[in-house]
Amino acid sequence: MADRIRVLFVCHGNICRSTMAQCVMQWLVDGRDMGDRFTIDSAATTNEEIGMPIYPPARDKLKAEGVPIVPHRARRIQAGEDAGWDYIVCMDEENMRHLKRILGPENMGKVRKLLSYVGETGDVADPWYTGNFDVTFDDVLRGCEALLGEIA
């Protein structure tokens, strides 16, 4: 079997958007019987929520949509970690800047914003602040479907 396709989703705290994307992407690849071809994870660019589980309203939204919750504890991406991933998918411009600082500008070649996969330049809104988990879920789903389409 060929090497696994490695996808890392990144946001500010790793308890809402990136974890939702991790769960959605796993659900999508499992639904296509491709789960054994992928390694999917998520990480934060800050230390604020390290060790915390998925934020309860994010978990509730995933459950309401029938998306299984993957085991998760928030963690921070580390310098040099980019070498271990084929795709590093960021949720917004602020975290693109954080990643550039953490990984180094020369290591940003694998990094793209999630909505770029659907041809958009915008950010996936942070529901921690907006309170709107429906909009965030819809953007995450659209982005993950487009990313999977590009990979497959």
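Bear in mind the structure is a predicted one, so any value in this text is a computation, not a measurement.
- Distance alone, capped at 3.5 Å, places no donor-acceptor pair between the R101 side chain and the R97 backbone.
- Among all heavy-atom pairs drawn from A58 and C16, the shortest one is CB-CA, 4.2 Å.
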Salt bridge (charged side-chain N to carboxylate O under 4.0 Å, His left out) between R142 and D139, intermediate numbers included | CA-CA 5 Å; R142 289 186 313 118; D139 282 347; 3.0 Å; yes
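- Under the 4.5 Å side-chain heavy-atom criterion for Ile, Leu, Val, Met, Phe, Trp and Tyr, F133 and Y129 are members of the same hydrophobic cluster.
- The cluster map of Ile, Leu, Val, Met, Phe, Trp and Tyr, joined by side-chain heavy atoms under 4.5 Å apart, puts L141 and L147 in the same cluster.
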Check the pair D92, K113 against salt bridge (charged side-chain N to carboxylate O under 4.0 Å, His left out), reporting the backbone distance first and the verdict last.
-> CA-CA 6 Å; D92 61 27; K113 289 196 317 186; over 6 Å; no
Stepwise side-chain contact (heavy atoms from CB on, under 4.5 Å) check, V124 with F9 | CA-CA 12 Å; V124 176; F9 294 99; over 6 Å; no
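- Smallest separation of non-hydrogen atoms from I77 and A43: N-CB, 3.8 Å.
- Summarising the geometry of R4 relative to D36, their closest heavy-atom pair is NH1-O, 2.8 Å, with the distance given to 0.1 Å.
- The neighbour count for K110 NZ, taken as heavy atoms of other residues, nucleotides or ligands under 6.0 Å away, is above 12.
- Counting non-hydrogen atoms of neighbouring residues, nucleotides and ligands closer than 6.0 angstrom, the CE atom of M108 exceeds 12 such neighbours.
- Closest non-hydrogen pair, N14 versus S42, comes out as ND2-OG, 2.8 Å.
- Residues L8 and I151 do not share a hydrophobic cluster, defined by chaining ILVMFWY side chains whose heavy atoms lie under 4.5 Å apart.
- Counting only distance, with no hydrogens or angles, the side chain of R76 and the backbone of I50 share no donor-acceptor pair below 3.5 Å.
- Under the 4.5 Å side-chain criterion, counting only non-hydrogen atoms from C-beta, V10 is not in contact with H98.
- Of all non-hydrogen atoms in C144 and V24, the two that sit nearest each other are CB-CG1, 3.9 Å.
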Trace of the side-chain contact (heavy atoms from CB on, under 4.5 Å) decision for D126 with M91 | CA-CA 8 Å; D126 190 341; M91 298 298 141; over 6 Å; no
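- The minimum heavy-atom distance linking V111 with C90 is given by the pair CG1-CB, 4.4 Å.
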